[in-house]
Structure formats: C-alpha cells, structure tokens
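First comes the structure, then the notes that go with it.
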2 protein chains.
Amino acid sequence: MFSLSEENYLKAIFHLQKHAKAGVSTNALAEEMQTKASSVTDMVKKLSDKNLVIYKKYQGVYLSESGRKTALQIIRKHRLWEVFLVEKLDFTWDEVHEVAEELEHIKSEKLISELDKFLDYPKRDPHGDPIPDAEGDFQVANKTLLSDLSIGETGTLVGVKDTSSEFLKYLDKNKIALGKTIEVLDKEEFDGSMLIRIEEDRLRVSTMVTNNIYIKI
Amino acid sequence: MFSLSEENYLKAIFHLQKHAKAGVSTNALAEEMQTKASSVTDMVKKLSDKNLVIYKKYQGVYLSESGRKTALQIIRKHRLWEVFLVEKLDFTWDEVHEVAEELEHIKSEKLISELDKFLDYPKRDPHGDPIPDAEGDFQVANKTLLSDLSIGETGTLVGVKDTSSEFLKYLDKNKIALGKTIEVLDKEEFDGSMLIRIEEDRLRVSTMVTNNIYIKI
DNA sequence: TAAAATATTTAGATGCATCTAATTTTAAAC
DNA sequence: GTTTAAAATTAGATGCATCTAAATATTTTA
Ligand SMILES: [Mn+2]
Ligand SMILES: [Mn+2]
Ligand SMILES: [Mn+2]
Ligand SMILES: [Mn+2]
C-alpha cells in the first residue's frame, strides 16, 4: 500500500497537526523526521499526489481524510505492539518505542485484529496514549499537565508527554508510574518546580518533569 | 545491519545451497527471488563485498561462515514468528508464511529472545521445520519422504516440503496434519500414487502429495 | 515599506534495488 | 574441435528516498 517512509511522514504530520494552528510547516516536519527541508518538500508532494495530504506551496501541509485514516491505523498498530511488548514479552515502557516503530509497518489486517483480540482489546498503550479502534475512533481523555495543577490538588497519573527512554527511566527510578495518585504539596514560584506526594513518597520535581506528565483530576 | 533485500537473498542462498552440488547459480537465485539474473549478479557482488558470500564470476555463489550465521538468524526469526502466529493469534499454518516473511526483518535481539521465551522455546515451526537457537544450531530430524516408504510401513508425519497455501489447505481438507500416524496400505506402480491410512481414514494420494510429506519412521 | 532574515522550494547529485538490452563466458551439441 | 545454445555479466536506465547548494518566497525588523 504505502511505503515505510510515507507511513512515517503521515504519522509525523498527524502528531504535529494536533498542536499546529495552521498547516504543518516544512521545517517542523523536517525536525520531527530528522531530515532536511528539501527532502520534506519532495515527500509532501508525493503524498499530495496520492491525496493523503492537502498541500499548497509555502502554506504548510494538512492531512486529508484518507491521510488521517491511514495515520490512525499506523498509530493503532504502533500502540498495540507496544502493549504486546510490555504485557507479553516483559519489555519496559522505555524499551518499546523503537521496536514498535518497525512493527507498525507490518502489513496484515488479520495480524492486527488478532493481536488486538489476544491483548483483550486494550484502550491505552503503556504510555497512557489511546489506541484507535479498527475504524480509527478513540476516546480523548480529559487530562491536565501536572504543571497546571495548584497546591493541594490531587489526581491520577494517566499519561506521559515525553516518551524518551531517559525520561521514562527517570520516572521508574523515582517510582512514578501510570495509575498512581499524585498530590501537589508545594509549588515554587521562582522556577515552577513542585513538591509532590506520590503514594508514600515525597519528591521535588522540576518543570521538565511537570510539563511532561498528564494528570486526570 | 543488513537491508531487507540482502537478508532475503541470504535466506534464499541458504535454502538453495542445501540441494545444490556446486555453488548456487545466478538463475536459480533469480527464480527463487522472483527477479532477473542481472539483478542477482548485482546483489551477489554486494554480498560478496560484505563478505557474506564467496563469489567467483560464472562460478555460482556460496554462503560464507558469517553469511550462514546471518541466514540462520533470519530463519530463526521467521519460524519463531510462525509459531507465534499459529499458537497465539489463531492463524492457520497456510496463513503464516507471508506475514512471517515481513516480521523476520524486525531488528531487535531482545524481541526475539523474549519471543522465544514467551513461546516456551519451541523446537519446530508449524510446518515441522527446525528452529535454530540463538547460536544458529538446530537438530536435523532424520525424516523420509512419504513416497520412499514401502507398502506396510508406518510412520509419523513430521513435516511438509511444499509449504504453499494450496498444498496446506489440501492437507487440512483431508485431515492430514503434523503428528498423525500414516500407514502405507498400497502403492500403485503405474503412477506412484499411494493408498494410505491416516488415523481412521483411508485415502488415495498422488505423488504430488507423497513427494511433499516428511515421515519419521 | 524596503531591507534583512528566515522559510521553503528547486536543481542537480548520490546510493540502493531493480529493469531491459547487449555482450561475454561457459556448456552442450554436432 | 567448431558451432550453437544457455547462462551469466555488463552497460545504461528508472524510481525511490535522500542530500547539498542555489534560487525564490514569505515574514520580520527597522
Ligand atoms: Mn515507523
Ligand atoms: Mn506509546
Ligand atoms: Mn523476508
Ligand atoms: Mn515454516
């Protein structure tokens, strides 16, 4: 159907589009894809020829309906594989991304529907991100960044924004995990750092941390 | 490490080498890879540059020790994935090959060692073929083609030579499966066809069948 | 709003895997 | 042992995904 590269571009556009006010810019895509702007222009033209994106020169790029559908199916596969790796193969949540990045491109409808069944239709991946169903539908959780909480507020950790291995290992080390209850004990005006209670532990965390943790109040 | 194409070539050379008296010929490889002889020559040169094969112009190609090791690791992955698909995802043995052909190229040591563990270290794939261990070692079963059995002989079905979907579906339809006991009741001199007993059933099968079933006596 | 800075696109090139057509080498037939 | 047929290699081309360098468009700044 689509090449590995095309699929990765669609996914990148999908992710960038969520935060973009206008079309996704060439440079933003180049940064995300770890490539050069000129390469992005080439690929965007190709995706446009295939009606996966809407592209007008210098105006940035938007996913078309079919592009969005395709992107969501790749994301579905990526996240299902992540669940598989953690639940069945004893991978840690900081190890799964790289492998899922490859597995998401395997082409087989049956493979993914059976995997979904085998995993008992999970709704979220190991990082708390929602898993689209076969139609591309998924529920958006109403979640807040930890940094947006005020002193005294309490919530449950439901996701991470930064999924880098370094960040996830930091969280592991400090026993910060999905599902745990977090209370904001104090917030330092000067640098935004917080003193939090997570189960029995107390911990001071920087904005690098609070800006990358999602809480459901 | 190696490209998808390189890996597929190594695997093809490995399989062809088993039956070849001399080096694997360019045309044989082209046939196996569904490509043109000129493409094979190009690739073989590349593999030779990487010391994965020994190649002298017009003399055919042989796997080097490192090429053989690599081929066996890809075969290991292919067969482990086949077991996974059948045992865990309810694939039938005629559905697994195509998907495994893609999965075998996923690059992750941990993935494959954990998969092996998850599957409880299987020794054979769904077609009865041996699964090499992490070192590339595997036991060669002493097996005979059904066509080589004489009237009155009995054995266990331990493998299939032809793994095409058509053949496997034919076997399913006639309830011929791995592990079943087969007795040769009669053999027709004229066309080599056999009357066999498989559990409670009696069945006449052509040489197209008897030449593609492995029996352990 | 004109100049400067930044963003984006185009032009031209490379490496990979493939192809067709032409050439060369080896094997088979006479 | 020549000639002929088959097998293999080389030459030259294409499509894909990428790059660098140059050109052009847009945005920001003064
Ligand atoms: Mn990917
Ligand atoms: Mn994830
Ligand atoms: Mn393959
Ligand atoms: Mn098999």
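In what follows, every chain begins at residue 1, and chains take the letters A, B, ... in the order their sequences are listed.
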Please report the distance, rounded to the nearest Å, between [atom1] in [X] and [atom2] in [N].
| X | N | atom1 | atom2 | answer |
| --- | --- | --- | --- | --- |
| B:L29 | D:dA7 | CG | C1' | 14 Å |
| A:M43 | D:dT18 | CE | C1' | 9 Å |
| B:F2 | C:dG15 | CZ | C1' | 18 Å |
| A:E6 | D:dC16 | CD | P | 9 Å |
| A:Q34 | D:dC19 | CD | C1' | 15 Å |
| A:M33 | D:dT18 | CE | C1' | 11 Å |
| A:D42 | C:dT10 | CG | P | 9 Å |
| B:L4 | C:dT18 | CG | C1' | 14 Å |

When you measure from the side-chain N and O atoms of [X] to the phosphate of [N], is any distance below 4.0 Å, counting only OP1 and OP2?
| X | N | result |
| --- | --- | --- |
| B:T35 | C:dC19 | yes |
| B:S39 | C:dT18 | no |
| A:T26 | C:dT9 | yes |
| B:N27 | D:dA8 | yes |
| B:S5 | C:dT18 | yes |
| B:Y9 | C:dC16 | no |
| B:K36 | C:dT20 | yes |

- Query: With sugar-phosphate meaning primed atoms plus P, OP1 and OP2, does B:K56 contact a base, only sugar-phosphate, or nothing at under 4.0 Å between heavy atoms?
  - Reply: nothing
Any ion pair linking [Y] and [X] (charged N to carboxylate O, less than 4.0 Å)?
| X | Y | result |
| --- | --- | --- |
| B:K117 | B:E114 | yes |
| A:E95 | B:K110 | yes |
| B:K11 | B:E6 | no |
| A:E82 | A:R79 | no |

- Is the B:H127-B:H97 ring centre distance short of 6.0 angstrom? no
- For the ring pair B:F84 and A:F84, is the centre-to-centre distance below 6.0 Å?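 So the answer is yes for these two rings.
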Taking only nitrogen or oxygen atoms into account, show me every contact under 3.5 Å that the protein makes with nucleotides 24-29 of chain D, one pair per line with its distance.
residue: D:dA25; atom: O4'; partner: A:Y58; partner atom: OH; Å: 3.2

- Query: Centre of B:F118's six-membered ring, under 6.0 Å away, within 45 degrees of the axis: is that where NZ or CZ of B:K88 sits?
  - Reply: yes
